[in-house]
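Report on the structure given below.
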Amino acid sequence: MADLNSLRDQLRTFAAERDWDQFHSPKNLASALAVEAAELLEKFQWLTETESQNLPPDALEGVRHEIADVLLYLIRVSDKLGIDLIAAAQAKIALNAEKYPVDLARGTSKKYHEL
């Protein structure tokens with residue numbers, strides 16, 4: 001199973017072989033990431049909650065591709081900015097745990113300032 005560093009290295013090689021680093025500024029990569037996230041969302045547009053949880057195989061394959069695109073752009077932009085994705089995610093989980101204490105947040109979708 002590939003880890004994030006392995007994927008990062010594969011993406012570096014992929015971009016370098018194509019001379020794409022000239023286009024891969026953080027701004028451009030963040031824009032591409034937003035587009036890919038929108039394409040992921042589009043796969044669920046107009047579906048009911050139940051339909052979104054029970055995708056047919058062909059729709060699930062399309063979602064799989066869009067999720068991969070989102071992940072790859074996220075890895076690429078974080079690489080360009082020197083951000084350790086795992087460390088950033090762990091820090092954010094810890095921050096969210098402080099903002100959303102279990103005894104106040106359990107079972108509610110309220111924002112932290114509404115708890």
Side-chain angles (χ1 to χ4, degrees):
M1 178 187 217
D3 62 15
L4 289 180
N5 289 336
S6 173
L7 287 172
R8 179 205 61 208
D9 293 346
Q10 289 175 46
L11 285 169
R12 284 177 179 173
T13 299
F14 186 88
E17 288 173 345
R18 289 156 180 80
D19 192 26
W20 285 355
D21 276 318
Q22 61 182 315
F23 310 116
H24 287 186
S25 68
K27 178 198 74 71
N28 287 350
L29 291 166
S31 295
L33 173 60
V35 169
E36 293 301 337
E39 290 178 6
L40 173 60
L41 180 58
E42 185 179 33
K43 298 293 185 186
F44 295 98
Q45 188 175 17
W46 312 121
L47 298 182
T48 66
E49 291 294 324
T50 300
E51 289 170 335
S52 74
Q53 296 169 3
N54 298 290
L55 297 173
D58 60 325
L60 186 59
E61 183 65 14
V63 167
R64 183 178 291 113
H65 286 283
E66 297 308 334
I67 287 173
D69 286 339
V70 168
L71 176 63
L72 295 173
Y73 275 116
L74 185 61
I75 291 169
R76 190 77 172 130
V77 72
S78 67
D79 183 29
K80 289 293 188 172
L81 293 171
I83 294 171
D84 179 326
L85 276 176
I86 299 297
Q90 290 170 332
K92 184 62 175 178
I93 290 170
L95 179 62
N96 286 344
E98 291 176 23
K99 290 167 54 173
Y100 295 95
V102 173
D103 58 326
L104 297 177
R106 185 172 179 77
T108 182
S109 61
K110 292 180 180 177
K111 291 291 287 182
Y112 64 92
H113 62 274
E114 299 172 326
L115 296 174

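Since we're looking at a predicted model, the values are computed, not measured.
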Can you list the residues that meet the side chain to side chain contact (heavy atoms under 4.5 Å, CB included) rule with [X], with sequence neighbours excluded?
X: E17; value: T13
X: N28; value: S25
X: A59; value: L55, P56

Under 3.5 Å, side-chain donor or acceptor atoms of residues 97-115 against the rest of the protein: list the pairs with distances, not counting sequence neighbours.
{"residue": "Y100", "atom": "OH", "partner": "Y112", "partner atom": "N", "Å": "3.3"}
{"residue": "T108", "atom": "OG1", "partner": "K110", "partner atom": "N", "Å": "3.2"}
{"residue": "E114", "atom": "OE1", "partner": "K111", "partner atom": "N", "Å": "3.0"}

Next item on the list: Would you mind listing the cluster partners of I93? Hydrophobic ones only (ILVMFWY), side-chain contacts under 4.5 Å, chaining allowed.
Entry: none

Next item on the list: Among Ile, Leu, Val, Met, Phe, Trp and Tyr joined by side-chain contacts under 4.5 Å, find the other residues sharing a cluster with F14 and list them by chain and number.
Entry: W20, F23

Margin query: Please determine whether side-chain contact (heavy atoms from CB on, under 4.5 Å) holds for the pair R8 and L4, giving the CA-CA distance in whole Å, both sets of side-chain angles, and the decisive distance to 0.1 Å.
Written below: CA-CA 6 Å; R8 179 205 61 208; L4 289 180; over 6 Å; no

For residues 32-45, please give each side-chain donor-acceptor pair under 3.5 Å, one per line with the distance, not counting sequence neighbours.
none

Item checked: Hphob cluster co-occupancy, V70 + V63, side-chain heavy atoms under 4.5 angstrom ->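 In one cluster: no.
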
Check: Out of curiosity, does I67 fall in the hydrophobic cluster containing L72 (side-chain heavy atoms, cut-off under 4.5 Å, transitive links)?
Finding: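 Shared cluster, no.
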
Checklist line | Residue pairs passing the salt bridge (Lys or Arg N to Asp or Glu O under 4.0 Å) test where at least one lies in residues 60-72, sequence neighbours excluded | finding: E61-R64

Residues 76-85, side-chain donor-acceptor partners within the protein, below 3.5 Å, at least two apart:
{"residue": "R76", "atom": "NE", "partner": "H24", "partner atom": "ND1", "Å": "2.9"}
{"residue": "R76", "atom": "NH2", "partner": "D21", "partner atom": "OD1", "Å": "2.4"}
{"residue": "R76", "atom": "NH2", "partner": "H24", "partner atom": "ND1", "Å": "3.2"}
{"residue": "S78", "atom": "OG", "partner": "L74", "partner atom": "O", "Å": "3.1"}
{"residue": "S78", "atom": "OG", "partner": "I75", "partner atom": "O", "Å": "2.8"}
{"residue": "D79", "atom": "OD1", "partner": "R12", "partner atom": "NE", "Å": "3.4"}
{"residue": "D79", "atom": "OD1", "partner": "R12", "partner atom": "NH2", "Å": "2.6"}
{"residue": "D79", "atom": "OD2", "partner": "R12", "partner atom": "NE", "Å": "2.8"}
{"residue": "K80", "atom": "NZ", "partner": "D21", "partner atom": "OD1", "Å": "3.0"}
{"residue": "D84", "atom": "OD1", "partner": "I86", "partner atom": "N", "Å": "3.0"}
{"residue": "D84", "atom": "OD1", "partner": "A87", "partner atom": "N", "Å": "2.9"}

Next item on the list: Could you tell me which residues satisfy side-chain hydrogen bond (donor to acceptor under 3.5 Å, both in side chains) with T50, sequence neighbours excluded, listed by chain and number?
Entry: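 With neighbours one apart ignored, the set is empty.
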
Next item on the list: State which residues pass side-chain hydrogen bond (donor to acceptor under 3.5 Å, both in side chains) with D58; sequence neighbours excluded, sorted by chain then number.
Entry: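 Per chain and number, D58 pairs via side-chain hydrogen bond (donor to acceptor under 3.5 Å, both in side chains) with no residue.
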
